[in-house]
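Note that the structure is predicted; figures quoted are calculated from it, not measured.
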Amino acid sequence: MNIQNSQIPLPDVEWGMAEFETRALRTLLGCYPTGVAIVATRTADGRNVGLTINSFASLSLEPPLILWSLVNHSPNLSVFRNCGYFTISILGCDHQELALRFANPRVENKFQGIPVQETPEGMPSIDGAIATLVCANHQQTHLGDHLLMIGQIKRIASIEGKPLVFHAGMFTALHDIREI
């Protein structure tokens with residue numbers, strides 16, 4: 001089916017909604033599915049720090065840059081702002097519990113009992129992630145209520161697997177679509 005040439009009528013949309021609650025915007029943005037990843041770094045005293053993100057995106061291929069963001073009130077803000085490197089471990093569809101663990105601020109040592117691989121740069125990465133990027137902390141800027149982190153990719157690794165996906169406030173997975 002060629003979507004471009006289809007004659008599906010689109011519903012009328014009211015474009016006058018210029019004022020909205022933050023919750024309404026969050027719900028609307030939840031219509032866009034995202035991958036789920038764990039960003040991690042190591043402090044100067046050797047402590048691993050990590051958290052679940054879905055704000056990860058590709059920025060540039062030349063040079064190889066990615067971006068992600070961290071809310072300004074995060075207790076980990078200074079750790080990531082001041083790190084030299086960080087890893088992005090893209091989670092597979094069987095990593096939902098891991099994503100929840102790293103998203104929970106009440107879990108003190110998120111890495112306890114978790115299989116971790118150390119990168120040559122000395123950064124922790126999640127063992128079994130379907131893709132891992134090692135990034136130099138390239139540039140940062142505060143925008144709105146977040147710190148936007150730009151990383152320059154220095155090293156990559158991947159294994160076979162389907163990604164964990166976050167959509168409409170829930171975890172899900174990709175399903176193959178067969179052309180009709």
Side-chain angles (χ1 to χ4, degrees), residues 32-143 145-167 170-174:
Y32 185 69
T34 63
V36 183
I38 291 174
V39 62
T41 194
R42 185 167 286 149
T43 63
D45 65 358
R47 182 175 55 94
N48 291 340
V49 176
L51 52 101
T52 301
I53 60 170
N54 69 341
S55 62
F56 169 74
S58 170
L59 181 60
S60 170
L61 294 176
E62 292 293 332
L65 301 173
I66 57 90
L67 62 88
W68 64 282
S69 63
L70 183 60
V71 68
N72 286 337
H73 61 77
S74 170
N76 298 310
L77 188 71
S78 66
V79 171
F80 283 101
R81 185 178 52 228
N82 297 320
C83 72
Y85 291 91
F86 56 85
T87 60
I88 304 282
S89 297
I90 299 172
L91 301 181
C93 60
D94 57 343
H95 289 136
Q96 181 176 339
E97 293 305 315
L98 197 57
L100 290 169
R101 176 186 179 95
F102 277 80
N104 187 342
R106 293 182 297 275
V107 176
E108 282 188 40
N109 184 355
K110 293 176 173 47
F111 288 91
Q112 185 175 3
I114 301 299
V116 174
Q117 290 186 353
E118 186 169 308
T119 70
E121 294 77 11
M123 295 295 108
S125 68
I126 303 300
D127 189 34
I130 63 171
T132 301
L133 300 97
V134 180
C135 302
N137 189 349
H138 181 69
Q139 188 175 345
Q140 313 158 9
T141 187
H142 283 278
L143 292 173
D145 58 1
H146 279 68
L147 176 67
L148 182 65
M149 301 281 299
I150 299 172
Q152 184 168 15
I153 302 166
K154 297 298 185 179
R155 186 179 310 276
I156 61 173
S158 65
I159 62 173
E160 291 278 327
K162 291 190 178 208
L164 182 61
V165 176
F166 194 70
H167 176 252
M170 298 183 308
F171 291 109
T172 188
L174 296 179

- Just wondering, are more than 12 heavy atoms of other shown residues or ligands nearer than 6.0 Å to CD1 in Ile156?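 Atom CD1 in Ile156 is not packed in, count stays at 12 or less.
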- Got more than 12 heavy atoms from elsewhere within 6.0 Å of CG, Leu143?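 Enclosed.
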Spatial distance of atom [atom1] ([X]) from atom [atom2] ([Y]) [nearest 0.5 Å]:
X      : Y      : atom1 : atom2 : value
Leu91  : Ile53  : CG    : CD1   : 9.5 Å
Glu118 : Ser125 : CD    : OG    : 9.0 Å
Ser89  : Met123 : OG    : CE    : 12.5 Å
Phe111 : Arg47  : CZ    : CZ    : 10.0 Å
Ser158 : Ile90  : OG    : CD1   : 9.5 Å
Leu148 : Leu67  : CG    : CG    : 5.5 Å

So do the side chains of [X] and [Y] get within less than 4.5 Å of each other, counting heavy atoms only?
X      : Y      : result
Val39  : Phe102 : no
Phe171 : Val165 : no
Cys135 : Thr87  : no
Arg101 : Gln112 : yes
Tyr85  : Asn137 : no
Met149 : Ser69  : no
Leu147 : Leu77  : yes

If you look at every heavy atom in [X] and [Y], which pair is closest and at what distance?
X      : Y      : value
Gln152 : Pro63  : NE2-CB, 3.8 Å
Pro163 : Leu174 : CG-CD1, 3.6 Å
Gly128 : His95  : O-CE1, 3.1 Å
Leu164 : Ala99  : CD2-CB, 4.0 Å

- Task: Show the numbers, then the answer: is there a side chain to side chain contact (heavy atoms under 4.5 Å, CB included) between His138 and Leu65?
- Result: CA-CA 8 Å; His138 181 69; Leu65 301 173; 3.9 Å; yes
- Message: Has Gln140 got a side-chain atom pairing as donor or acceptor with Arg81's backbone, closer than 3.5 angstrom?
- Response: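 Looks like yes, one N/O pair under 3.5 Å.
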- Query: Any donor and acceptor pair, going by atom type alone, linking the side chain of Lys110 with main-chain N or O of Asn104 inside 3.5 Å?
  - Reply: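 Yes.
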- Electrostatic pair Glu121:Lys154 at N-O distance under 4.0 angstrom: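 Between Lys154 and Glu121 there is no salt bridge, as every charged N stays at least 4.0 Å from the carboxylate O atoms.
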- Task: Let me know which of Ile114, Ile38, Thr41, Val116 forms a side-chain contact (heavy atoms from CB on, under 4.5 Å) with Pro124.
- Result: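 One option only clears the test, and that one is Val116.
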- In a check of side-chain contact (heavy atoms from CB on, under 4.5 Å) between Ile66 and each of Ile153, Ile150, Leu59, which one passes?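 That would be Ile153.
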- Under 3.5 Å side-chain donor-acceptor pair for Asn72 and His146: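 His146 and Asn72 do not have a side-chain donor-acceptor pair below 3.5 Å.
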